[in-house]
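Numbers here simply count residues along the sequence, with the first being 1. Because the structure is a prediction, the values reported are computed rather than measured.
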Amino acid sequence: KKVRELRVRISKAEGTKDKALWKEVENWVSAAGSGLAKHAEFLFAGKCIADQRGRDEIKVKLLEAVDARNQADLKMWLTRAVALEMDTKYLNLYPEYTTSTEMLRQIDFHVESLRKATAARDEEAVDEWLGKASDLKLDAAMYSSIPEAKETLKKMKALRVDLEQCTDSAFTPKGGQELKTSIRAACEYNYEHAPEMKAAKDALGVREEDDRIAQGL
């Protein structure tokens, strides 16, 4: 009779988040006594209770990870959610799974796009993705790609200013060497495609030609 009653309670609670129904199952299992503690039905009920508690805990953790924009935590709790079928059998009960999956997708995409833009020394793209990361409320302390991108952007702007200034002073006594140094610095930073680079190289070419002519006089 106790086993039959347990089945009825499980059937009512299963597929719901009704805490009262699950409490009934828990109370029934607790009151089973040592004689039924190892009965298959009661062991199954215990697992159902533990799994349901797990799903409820994961829901809370997922919401916290979404709010914090925490990529690592989202990956961890989504993996655990899959283990408890929150992505399939219980998906209708836990829309937080879908919300969290979408947030993780956005974070992954933003972080990778920012990383690629930084590596390519694409000033416009870096600036754009830094803005989008800010809009998504990504924490710079959590994502190293953000301060790295900011530092890269700062460096690219400084190199451009230096290229322009050295180009303007290319024909002063020390201008040729300074321009050559400026061009070399930009190239070593993988920023040979800086907008000012062509004018700088053209000016350096003229300056070097002038120096050769002067040496031949």
Please step through side-chain contact (heavy atoms from CB on, under 4.5 Å) for the pair Arg9 and Val29, ending with a clear verdict.
CA-CA 10 Å; Arg9 284 166 171 76; Val29 171; over 6 Å; no
Tightest non-hydrogen contact, residues Ser11 and Val8, listed as OG-O, 2.6 Å
query: Under a 4.5 Å cut-off applied to non-hydrogen side-chain atoms, are Lys17 and Asp56 in contact?
result: yes
Correct closest heavy-atom pair for Arg55 and Leu84 would be NH1-O, 3.3 Å
Is it true that Val25 and Leu21 fall in one hydrophobic cluster, defined by side-chain heavy atoms closer than 4.5 Å? no
Smallest heavy-atom separation, Val82 atom then Tyr97 atom, equals CG2-OH, 3.5 Å
The reported gap from CG in Asp135 to CH2 in Trp129 (rounded to nearest 0.5 angstrom) is 10.5 Å
If only side-chain N and O atoms count, and only distance matters, is there a donor-acceptor pair under 3.5 Å linking Gln71 with Tyr143? no
| task | Please step through side chain to side chain donor-acceptor pair (under 3.5 Å) for the pair Arg212 and Gln215, ending with a clear verdict. | result | CA-CA 5 Å; Arg212 280 193 293 272; Gln215 288 174 2; over 6 Å; no
The reported gap from NZ in Lys155 to OG1 in Thr118 (rounded to nearest 0.5 angstrom) is 15.0 Å
Quiz prompt | Single-linkage hydrophobic cluster, 4.5 Å side-chain cutoff, Tyr94 and Met76 together | solution = yes
- Task: Tell me, with the steps shown, if Ile58 and Met86 meet side-chain contact (heavy atoms from CB on, under 4.5 Å).
- Result: CA-CA 9 Å; Ile58 289 170; Met86 291 171 69; 3.8 Å; yes
**Request:** Would you check if Asn70 and Lys61 make a side-chain contact, meaning some heavy-atom pair closer than 4.5 Å?
**Result:** no
So if you build clusters from Ile, Leu, Val, Met, Phe, Trp, Tyr with side-chain heavy-atom gaps below 4.5 Å, do Phe171 and Leu204 land together? no
All heavy atoms of Leu114 vs all of Ala149, minimum pair found to be CD1-CB, 3.5 Å
| So do Asp202 and Lys198 actually touch side chain to side chain, heavy atoms under 4.5 Å? | yes
> Any sub-3.5 Å donor-acceptor pair from Ser113's side-chain atoms to His110's backbone N or O?
Replying inline: no
Worksheet item: Cluster question for you: counting only ILVMFWY and a side-chain heavy-atom cut-off of under 4.5 Å, with indirect links fine, are Ile183 and Tyr189 together?
Response: no
Residues, nucleotides or ligands: over 12 heavy atoms within 6.0 Å of Glu209 CD:
yes
d(Leu130 CG, Lys132 NZ) to nearest 0.5 Å is 11.5 Å
One should read off an interatomic distance between Arg121 CZ and Thr152 OG1, to the nearest 0.5 angstrom, of 5.0 Å
Value for CE (Met156) from CG (Asn190), rounded to nearest 0.5 Å, stands at 11.0 Å
One should read off an interatomic distance between Ser100 OG and Asp87 CG, to the nearest 0.5 angstrom, of 12.0 Å
Minimal heavy-atom distance between Leu93 and Glu96, with the atoms involved, is O-OE1, 4.4 Å
inquiry  = Within the structure provided, determine whether Glu24 and Trp22 are in side-chain contact (heavy-atom separation under 4.5 Å).
reply    = no
- Message: Tell me if the CZ atom of Phe44 is crowded by more than 12 foreign heavy atoms within 6.0 Å.
- Response: no
Practice problem: Check whether any side-chain heavy atom of Met103 sits under 4.5 Å from a side-chain heavy atom of Ile107, and report yes or no. | Solution: yes
*Is there a path from Met142 to Leu62 through hydrophobic residues (I, L, V, M, F, W, Y) whose side chains come within less than 4.5 Å of each other?*
yes
Closest non-hydrogen atoms of Glu14 and Lys89, given as atom of the first, atom of the second and distance, are OE2-NZ, 3.7 Å
query = So, do Gln106 and Leu136 sit near enough that their side-chain heavy atoms are less than 4.5 Å apart?
reply = yes
So do Trp77 and Glu57 actually touch side chain to side chain, heavy atoms under 4.5 Å? yes
- prompt: Side chain of Arg160, backbone of Ala194: donor and acceptor closer than 3.5 Å?
  reply: no
Quick one: do Gln52 and Glu26 satisfy side-chain contact (heavy atoms from CB on, under 4.5 Å)? Show the steps, please.
CA-CA 11 Å; Gln52 184 57 34; Glu26 187 176 352; over 6 Å; no
I'd like to know if the side chain of Ser182 and the backbone of Glu178 have a donor-acceptor N/O pair within less than 3.5 Å.
no
The single option from Val66, Asp67, Val60 that satisfies side-chain contact (heavy atoms from CB on, under 4.5 Å) with Glu64 is Val60
